[in-house]
Structures are given as C-alpha cells and as structure tokens.
Amino acid sequence: MTGFTRVLTVLLGTAALLRGESPRLLDGGTLELDRWRGTLSAFTSQWHTLQPASAKQVFDLQEKESGRLQRYRLNLPGAAPGTLTLALNPTADGGGEFSGKAKFDRPSAIRFLCLQSALLISQYGGTAFEADGKLIRFPEEFNGEEIISRKLKRLRLPTRNGEILFEGDFFLRIQDGRKWDGASYGMRLGFVPHSGTEIGKAEITFRLRSGKAGAFGPPLGSIVRPAYVAAPGEQWKPFTYHRNVEKGSALDFSARLDAPAGKYGPVIAGPDGRFVFRDRPETPVRFYGANFVGDSQLPNRKQAEELADRLAAFGFNAVRIHHHDNEIYDRGGRNPSRIDPERADRLDYLLACLKKRGIYYTTDIYVSRRNIPAAELGTAGAIATPAEYKALFYVDDAVYADWERWAAAFLTRINPHTGLALKDDPALITLSLVNEGNPASWWNRTPRAAKLYNAGFKKWQADHPQGSFAEFLSGLAVGRYRQMEKFLRGLGCRVLLTDQNFQNGIALAADRSHYDFVDNHAYWDHPRFAEKPWQLPVLPNQINALKSRPGVPGRLFPTRLFGKGFTVSEFDYANPNRYRAAGPALMAGYAAFQGWDGLFPFAYAHSLNAVTNPGNTGGFFDIATDPVKAFSQRIGAQLFLSGGIRPAERAFAAVVTEPFRKGGEAEAPESFCDLGFLARIGVAVTPSAPAGISALIDIGAGTPSSGRAVPVFRSSEKLIPDLIAAGQLPRECYDAAAGRFTSPDGQLELNRRDRTLRITAPGAEVLTLGPKQQLSGRRLSIDNRDAFAVFALMPVDAERIDDAHRLVLMHLTNTQASGMKFGNDKLDRLESWGRTPFLARRNTARVSLRLPGNGWEFHALDTAGKRIARVPAQAQPDGSLRLEIDNFRHPEAVFAYELIRE
C-alpha cells in the first residue's frame with residue numbers, strides 16, 4: 001500500500017466516523033436520525049397535539065416521494081387553509097438539508113407549528129445540549145417548566161451513538177415534562193415565526209448530521225442506558241395468576257353483595273344530592289366497580305356466568321358498560337334500530353347475570369360509534385371517527401338527530417333476560433349522555449367543525465358583545481343538555497343524568513350545575529406514546545402518586561358541586577407504573593372521606609381475549625391482565641363500600657359565581673386542592689354558602705355573599721395555615737414541611753415527603769410505605785424491608801375488623817411479565833409486554849397485629865385464595881402477634897394471607 005493510499009484510507013475512515021448514519025424522512029411527517037425523532041405537530045387552542053398520523057383531515061397528504069418529500073393541504077383549526085411541504089435532501093457530508101414551508105391562503109394565527117420530540121429524562125437528565133455555542137444542562141431535578149425558548153442558528157444534541165448537529169434557522173423550545181407528571185423533556189423545533197401573531201407563511205430550514213460524541217464540540221454526555229428485560233432472579237419470582245378465586249375463600253367478597261340489583265327501586269338523588277334508593281331513602285348508597293370496554297362485554301353465556309361470578313368475588317357492586325355502542329352497532333343496516341340483535345343479546349345476557357348477583361350498571365348513550373354512513377346522517381354527511389361526531393354534535397342538528405334515534409333504540413328495547421327495557425331497569429343507576437363530549441375539547445378537531453363553531457360564535461357575539469368563546473361553548477353545551485334531558489324524559493327514562501365527564505376547569509361548574517350529578521375522569525401515569533398513538537413504545541413517568549401535588553385524586557376534589565352527587569366513572573393508576581398498587585386505596589379512601597357516590601376503575605378488560613386468555617399480559621389499564629390491579633382493586637372496593645371511613649365533618653366551598661372570569665381553561669389553585677385531604681371541598685355556584693359549609697373559599701372566580709353568614713378565606717399558599725389559625729381545622733392535622741395531611745378524625749394520613757399512606761378505619765386498615773420504613777395503624781404495624789409495598793388488613797366475614805373471625809392480609813409489591821422489556825433500568829420506556837408467567841417483586845417485612853380474641857391461625861394463599869402453607873406467628877408480651885413474612889418463601893409468590901380463629 002502506498003503512502004498516499006494509506007493517508008486516503010485514514011481520511012475516508014475519519015469522515016465515516018464523523019458522518020454517522022444519514023437522516024430519514026418517514027411517513028407521517030417524522031424526521032429521524034440516530035433514533036432521535038421529530039414529528040410534524042401543531043396544537044389546538046387547548047394544546048391538544050395534531051399530527052399527520054392521527055389528524056389526517058388537518059394534514060391532508062397530497063403528494064409523497066419516499067424519504068425526501070411530503071406535501072400536505074393544511075387545514076389547521078382556526079386558520080385559513082394552506083399548503084405545507086416537507087423536504088429532505090442529502091448533503092455531501094452524509095447528513096441532510098431539511099426544510100418545511102407553510103403558506104396560508106390568508107394571514108392566520110396558528111399555535112406552534114414544529115417538529116416535536118420526547119427526550120427521556122432518565123436518559124438525558126444530567127447531560128447537556130449546545131445552543132448557539134452555550135452549553136445548557138438538562139436538569140436532573142425539576143426546577144421549572146422552561147429550559148430554553150428562543151430562536152437559534154446552531155444546536156447540538158446527544159443521541160444514541162453520539163450527537164446530532166443542527167444548523168439553520170429555527171425556534172427551539174425545550175420544556176420539562178415533570179410539570180405535567182411526564183417522563184420526558186419536550187423538545188420542539190419550531191417554524192419561524194412560531195406562534196402568536198397572524199402570519200401568511202412560516203418556514204424552518206436546517207442542515208443536520210450525526211457523529212460520534214464530541215465530533216462537533218465539547219462532550220455533551222452519554223444518553224446510553226442498558227435495556228431492562230424482566231426475568232426470574234433474586235428480586236423477581238414467577239407465579240401462577242388465577243383469574244378466578246375459589247368460592248368461599250378469603251379472596252371471595254361476593255357475600256357482601258345485596259342481590260338482586262334493583263331490589264330497593266331505582267337510584268335517586270337525596271335532599272343533599274347524595275345517591276339513595278327510592279325505596280330506602282334514609283341510607284346513602286355507594287357504587288364501586290370496573291369498566292368494560294370493546295367486546296369484553298360480549299361473552300357467550302357460559303363466559304357471562306363465569307365473568308359475573310368473577311366480578312362478584314371482587315366485591316364490586318357495579319360496572320360501567322363502555323364503548324358498547326360501537327360493538328352492537330349494525331353497520332350492515334339489516335335492522336331498523338341499527339342495533340345488531342345477536343351482539344346485543346350477548347350484552348343483555350351479561351347484564352342479567354350481573355343483576356342477579358347484585359351488581360348494578362351505568363353506561364353512556366354515545367361513546368365511540370364510528371363509520372356512520374351519510375345515509376343515516378343526512379346533511380351532516382358520513383362520520384368516520386368519534387372525535388368528528390363529538391365535534392359536530394353541538395352545532396349540527398343532523399348529528400343530534402342521530403343521537404336521539406340511537407338513544408331511543410338503545411334505551412327502549414326489551415332485554416329478554418330481564419324482561420325490562422334499560423330505561424326502566426332499576427339496576428341502571430346513572431346515564432352519561434356523550435362520553436367526554438366537552439365541546440371545548442373537540443370543537444376544532446376537524447376543519448368543518450371549526451368552521452361551524454367560528455361562524456356560530458360570530459353570530460352569537462352580535463347579542464353578547466362582551467362574551468367570550470368559552471361562554472359561547474357553555475351555552476351550546478347547556479342547550480344540548482336541555483334537549484337531551486327533555487327527549488329522555490319524554491321516553492319515560494327517569495335515570496340520573498350527567499354530561500361533560502371530562503376535565504377539571506373551573507368554568508365547567510356553570511354547565512355541570514344543570515346536571516343531576518357530576519361525573520369526572522382522572523388517570524395517573526396515563527400512557528404517553530413515543531411514536532404512534534396506542535402502540536408501544538410508551539413513556540411511563542414512574543412517579544409515585546403519593547408524592548405528587550395535587551395528583552390523583554387531588555385534582556378531582558374541586559370539581560365536585562355541593563348539593564349534587566359525584567362519581568368518577570373512569571380512574572386508573574396505569575401499568576407499568578411500579579407504584580400502581582397504592583392507587584385504588586388512595587382513591588377510595590379519599591373518595592369516601594369526601595362523601596362521593598361512585599368509583600369505576602378503568603377497566604376490567606378491553607377485549608374478550610383479555611377476559612378469557614390466561615396468556616394475555618398486555619394492557620395499560622386492564623385488571624384482567626394485571627395481577628397487582630386484581631388485588632389492589634379489592635382493597636379499593638372494600639374501603640369505599642364497607643370500610644367505614646366517615647365523610648369529613650368540615651366542608652369548604654369555592655365560590656364560582658363568575659365561572660369564566662379566569663378563562664375557560666383555568667383550574668382551581670393547588671392550595672385549594674390540598675384542602676381536600678383534610679376536609680370535604682367542592683364548588684358553590686351561588687354567592688351564599690350551601691348547607692353545612694364551614695367557610696367559603698375565594699379562588700378568584702366569584703364574589704361571596706355580602707351577608708357572609710360564614711367566614712371567607714382567600715386561596716393562597718397560606719390557605720390551610722389560615723384555616724388552622726382561625727380554628728377551622730385542628731393544628732396537628734397539617735405539617736407543611738413534610739407534606740403531611742392527617743384527617744381531623746385520624747382515619748387517613750398522607751405524607752408526601754415520606755411517600756406513605758395510612759388508613760385506619762373500622763372495616764379496613766391500609767399501610768403503604770417504601771423500603772426500610774415503618775408505619776403503624778390501630779391493628780396493623782409494618783416494618784418494611786426491600787421494596788415499595790401496600791399492606792391491607794380486611795375482614796372477610798364481618799363489616800368490622802373487630803367483629804371478624806376471618807381476615808385477609810394483603811401484601812402487594814409490583815408485578816411484571818416474563819420478558820417485559822424496557823429501554824432502560826428506570827423503566828420509563830416500555831417496549832414489550834412480555835409473556836407469562838408473571839413475576840412478583842420480592843419483599844420481606846415484619847408484621848405486628850393487635851387482633852381481637854385468641855387462637856388465630858395464619859395461612860399463605862395462592863392467587864386463587866387457596867391455602868398453600870401455614871405461617872408461624874409469635875406472641876409478644878404486649879398481646880400482639882408478630883409475623884416475619886417473605887413473599888418468596890413458598891413455591892408460589894404470595895400476595896395474601898388468611899387469618900382465622902375458631
């Protein structure tokens with residue numbers, strides 16, 4: 001080899017190292033280089049993300065050249081139509097030149113047209129990026145929402161194999177997703193101008209290339225983390241997950257049900273708004289039970305009987321039938337009612353099985369019926385998606401007429417297995433009219449809907465010159481509700497009705513004050529998708545809900561209206577959050593403390609396969625495929641239905657006489673949310689205090705009555721100390737430094753700093769704590785050793801622990817499926833659900849029990865409730881019993897113990 005050849009070879013090799021891989025323009029407007037992805041995105045006025053893959057009407061693809069060109073007809077909500085072109089051309093250095101050009105038919109105000117990317121905090125925290133020559137570190141701990149927000153010419157970003165260099169003309173915003181309980185930094189490369197003023201065009205241009213770490217400047221740090229794959233070992237043990245429990249076992253709570261459902265007549269609102277049975281009005285009633293989604297609610301008859309027994313064993317006294325309308329919709333048009341008789345009969349039979357066992361039901365009239373042909377909708381034309389239906393529902397009478405037709409068919413058909421139409425069945429406790437149909441969330445999801453709303457608003461403003469768009473939407477929502485209510489009452493349907501069961505805005509109090517009761521939804525660690533909606537990989541935040549402010553249920557507290565019932569028809573602490581075992585107890589304990597009427601975990605299952613296939617391990621929400629939820633939801637049901645948690649004696653109402661004063665999206669201050677851990681809180685829509693209110697709270701959304709029959713406090717960060725100083729709350733109930741909230745009666749205590757939860761009630765004790773922590777209740781004390789865990793002591797054969805001869809002690813940690821794969825050991829990028837067998841996280845603990853009577857025996861149980869081993873206990877000088885428990889000690893991992901005395 002000649003010297004020249006050797007030099008040339010070295011130079012070419014060096015260039016190859018510097019170049020790295022080449023960028024690619026993927027379908028759906030996604031630019032990719034070295035596993036970094038930026039996806040074309042825009043935003044609605046409520047900051048809902050619009051992307052080509054999920055908003056094809058907004059980004060109407062006109063032309064595509066694979067890998068280098070995409071041209072769209074642009075129909076951004078609230079903006080004039082336009083065109084947008086994305087182009088990527090290779091450069092000699094192995095990189096590419098990217099350009100995006102948007103042009104509107106007339107100047108329009110748009111919200112941040114950009115390439116959006118999620119940068120995992122577990123990977124990027126502590127590394128740096130370079131912005132126009134300045135190194136800026138990604139914060140390891142949250143210290144504010146905004147990290148950078150300005151125009152740039154040069155950006156360097158660490159990536160999987162090194163770094164990427166961007167050079168051009170763009171706007172960069174990076175924000176810390178922990179502000180919204182997220183697991184990533186949100187990165188946006190924005191078109192310039194990026195937002196705000198009306199513009200006729202916007203563009204972004206930059207060159208990008210990748211190289212090894214340090215190729216283009218000082219080292220930024222490595223984001224490489226080893227992948228994590230769940231496998232048996234010292235910390236994880238395989239076990240058999242039984243979907244059904246043995247009848248009569250310590251895990252069978254079916255004896256709590258009062259069958260058949262409906263025996264006391266329909267549910268009505270009592271004088272204070274709380275739910276009661278018509279024929280037993282002196283006793284408030286609560287409901288707790290799972291959602292059923294998709295064809296999970298369409299089992300055959302044998303499966304229906306088994307499923308009803310399974311639900312009864314949870315102690316659930318209710319279910320929510322959900323997304324059923326799309327499942328029983330007859331798209332072939334063979335039946336005049338547009339209801340498929342065979343599929344509807346499967347649902348009917350399941351409802352009859354549930355009713356026989358004492359399980360009530362709630363449902364919605366419209367959820368997700370889709371692909372409705374133009375022949376059924378007349379002037380509205382065909383509707384393909386639920387988003388389009390909900391968007392048009394409030395402004396297109398043809399869509400509303402379709403709702404009426406469906407409601408009549410659905411509610412008036414006779415269930416041959418109960419002999420009753422649904423509208424007449426006392427086992428139907430409530431009805432939601434349009435699931436999550438809030439017009440503020442949907443009005444601009446499609447171009448034609450946005451056009452109708454904007455035209456309607458302009459016309460409305462002629463009579464309301466000072467009115468806001470939020471007030472206009474409120475008027476539409478209330479007007480439609482009145483139509484729906486009148487129509488349903490005309491059918492003879494007397495069930496309690498609600499609507500807009502989504503979001504926490506203060507302004508919604510104006511609309512919800514018209515409903516029979518208020519319903520809302522809340523999720524902890526709801527899935528955030530790294531690439532495609534509802535497909536892996538997903539980015540869980542892995543944050544413990546016990547430490548979050550306001551968290552769930554905290555953010556729900558202010559959405560209750562005093563004088564009306566309150567339910568949460570969807571809530572979940574989603575899989576794979578490692579702390580999800582604590583969620584049902586946290587929600588149920590404080591819901592009982594607030595005096596709410598119903599809780600409905602989302603969901604038991606999303607498919608019949610999840611119900612029947614023991615090998616199914618997937619699902620963010622499903623109880624059926626998650627052993628931790630199967631146990632923890634039993635705790636939630638027991639606490640809420642039979643735990644004996646007393647509603648708080650003190651009650652404080654936020655004054656919302658001017659619900660739109662702070663705009664349509666404002667939520668209650670966090671200081672007011674915090675108050676819900678010490679007292680009943682909610683909203684009053686009149687200036688005077690509702691009955692039983694201890695004080696009014698000024699949250700800036702109204703003016704309390706000048707008469708001031710009760711004191712008024714301003715919602716500042718000093719709200720709780722001010723109430724304590726005024727004698728409204730006991731001094732010992734609150735420790736700001738520790739984030740400790742102890743209910744005045746001592747039954748509930750949340751400590752955010754220590755991330756512990758203590759519930760000591762007559763019908764259940766729950767202690768939730770981390771490794772190497774101790775916590776005590778009245779009957780139960782725990783010295784915890786290895787892992788975050790939930791312990792619950794509950795009676796099996798009585799209402800109260802003190803009266804029981806059989807108790808169950810639950811010991812929950814975390815579970816994963818074998819082969820479940822995460823992008824790193826922080827578990828914040830889930831890439832595969834894995835397979836059976838499931839694995840349990842190891843934990844050991846010392847348990848001390850102060851039990852009534854003598855002669856107690858202890859037995860370890862398998863997941864079906866079958867006894868598998870006797871567990872020794874040591875009597876202590878103070879009369880207590882001590883157990884050293886290890887959930888790996890027996891052939892099967894143990895989640896529960898039976899305690900029995902003869």
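Position 1 is the first residue of the sequence, and the numbers go up from there. Side chains included, hydrogens not; waters and symmetry mates left out as well; all remaining heavy atoms used. Model, not experiment: these values are computed from the prediction.
Of the N and O atoms on the side chains of Glu749 and Thr742, at least one donor lies less than 3.5 Å from an acceptor on the other residue. For Thr498 and Asp519, the side-chain atoms include no donor-acceptor pair closer than 3.5 Å. Between the side chains of Gln633 and Tyr604, not a single donor N or O lies within less than 3.5 Å of an accepting N or O. Under the 3.5 Å distance criterion, with hydrogens and angles disregarded, no donor-acceptor pair is assigned to the side chains of Thr756 and Asn751. With no hydrogens or angles considered, no side-chain donor-acceptor pair links Thr760 and Arg779 at under 3.5 Å.
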Inset, instruction - Evaluate the criterion side-chain contact (heavy atoms from CB on, under 4.5 Å) for residue pair Phe277 and Ile268; output intermediate values, then yes/no. - result: CA-CA 6 Å; Phe277 290 121; Ile268 62 172; over 6 Å; no

Inset, instruction - Verify side-chain contact (heavy atoms from CB on, under 4.5 Å) between Arg680 and Gln594, making sure each step is shown before the conclusion. - result: CA-CA 5 Å; Arg680 285 181 290 130; Gln594 289 294 324; 3.9 Å; yes

Inset, instruction - Could you walk me through whether Val267 and Leu496 pass side-chain contact (heavy atoms from CB on, under 4.5 Å), step by step? - result: CA-CA 8 Å; Val267 170; Leu496 297 175; 3.9 Å; yes

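In this structure a side-chain-to-backbone donor-acceptor pair under 3.5 Å is present from Asp525 to Asn541. A donor-acceptor pair is defined here as one N or O able to donate and one able to accept, closer than 3.5 Å; such a pair exists between the side chain of Asn784 and the backbone of Gly770. The closest donor-acceptor contact from the side chain of Glu665 to the backbone of Gly505 lies at 3.5 Å or more, if one exists at all. At distances below 3.5 Å, at least one donor-acceptor pair connects side-chain atoms of Thr363 with backbone N or O atoms of Ile321. With Ser642 contributing its side chain and Glu799 its backbone, the two residues share no donor-acceptor pair below 3.5 Å. Of the possible donor and acceptor atoms, none in the side chain of Asp698 sits under 3.5 Å from a partner among the backbone N and O of Phe713. Panel note: side chain Glu471, backbone Ser468; a donor-acceptor pair is recorded below 3.5 Å. Distance alone, capped at 3.5 Å, places no donor-acceptor pair between the Arg755 side chain and the Lys547 backbone. The backbone N or O of Ala440 lies less than 3.5 Å from no partner atom in the side chain of Asn438, so there is not a single donor-acceptor pair. Although no hydrogens or angles enter the test, the distance criterion places no donor-acceptor pair under 3.5 Å between the side chain of Arg758 and the main chain of Gly777.
Aromatic ring orientation, His322 versus Phe602: perpendicular (interplanar angle above 60°, classes split at 30° and 60°). Aromatic ring orientation, Phe557 versus Phe677: perpendicular (interplanar angle above 60°, classes split at 30° and 60°). Using cut-offs of 30° and 60° for the angle between ring planes, the Phe517 and Phe275 rings count as perpendicular. Under the 30°/60° scheme for interplanar angles, the aromatic rings of Phe895 and Phe631 are found to lie parallel.
Take Arg555 and apply the salt bridge (Lys or Arg N to Asp or Glu O under 4.0 Å) test, not counting sequence neighbours, and it matches Asp181. Partners of Asp511 under the salt bridge (Lys or Arg N to Asp or Glu O under 4.0 Å) rule, at least two apart in sequence or in another chain, do not exist in this structure. By the ring pair (Phe, Tyr, Trp, His ring centres under 6.0 Å) test, Tyr579 pairs with Phe788, sequence neighbours left out. Remark: His526 pairs with Tyr523, Trp534, Phe621 by the ring pair (Phe, Tyr, Trp, His ring centres under 6.0 Å) rule, at least two apart or across chains. Among residues two or more places apart in sequence or in another chain, the ring pair (Phe, Tyr, Trp, His ring centres under 6.0 Å) test is passed with Phe287 by Tyr360. For Arg286, the salt bridge (Lys or Arg N to Asp or Glu O under 4.0 Å) criterion is met by no residue, not counting sequence neighbours. Take Pro771 and apply the side chain to side chain contact (heavy atoms under 4.5 Å, CB included) test, not counting sequence neighbours, and it matches no residue. Taking the ring pair (Phe, Tyr, Trp, His ring centres under 6.0 Å) definition, one finds that Phe652 meets it with nothing, sequence neighbours left out. Taking Arg752 as the reference, Asp674 meet the salt bridge (Lys or Arg N to Asp or Glu O under 4.0 Å) condition, with sequence neighbours excluded.
Side-chain contact between Trp596 and Pro647 is absent, with no heavy atoms from C-beta onward closer than 4.5 Å. Proximity of Leu586 to Pro553: side-chain heavy atoms (C-beta onward) are separated by under 4.5 Å at one or more points.
Among pairs with a residue in residues 557-578, those fulfilling salt bridge (Lys or Arg N to Asp or Glu O under 4.0 Å) read Arg320-Glu570, Asp572-Lys629, at least two apart in sequence or across chains. Counting only residues at least two apart or on different chains, the salt bridge (Lys or Arg N to Asp or Glu O under 4.0 Å) pairs with a member in residues 579-589 are Arg580-Asp626.
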Side-chain donor-acceptor pairs of residues 722-739 under 3.5 Å, sequence neighbours excluded:
unit_1	atom_1	unit_2	atom_2	d
Gln728	OE1	Arg650	NH1	2.8
Asp735	OD1	Ala737	N	3.1
Asp735	OD1	Ala738	N	3.3

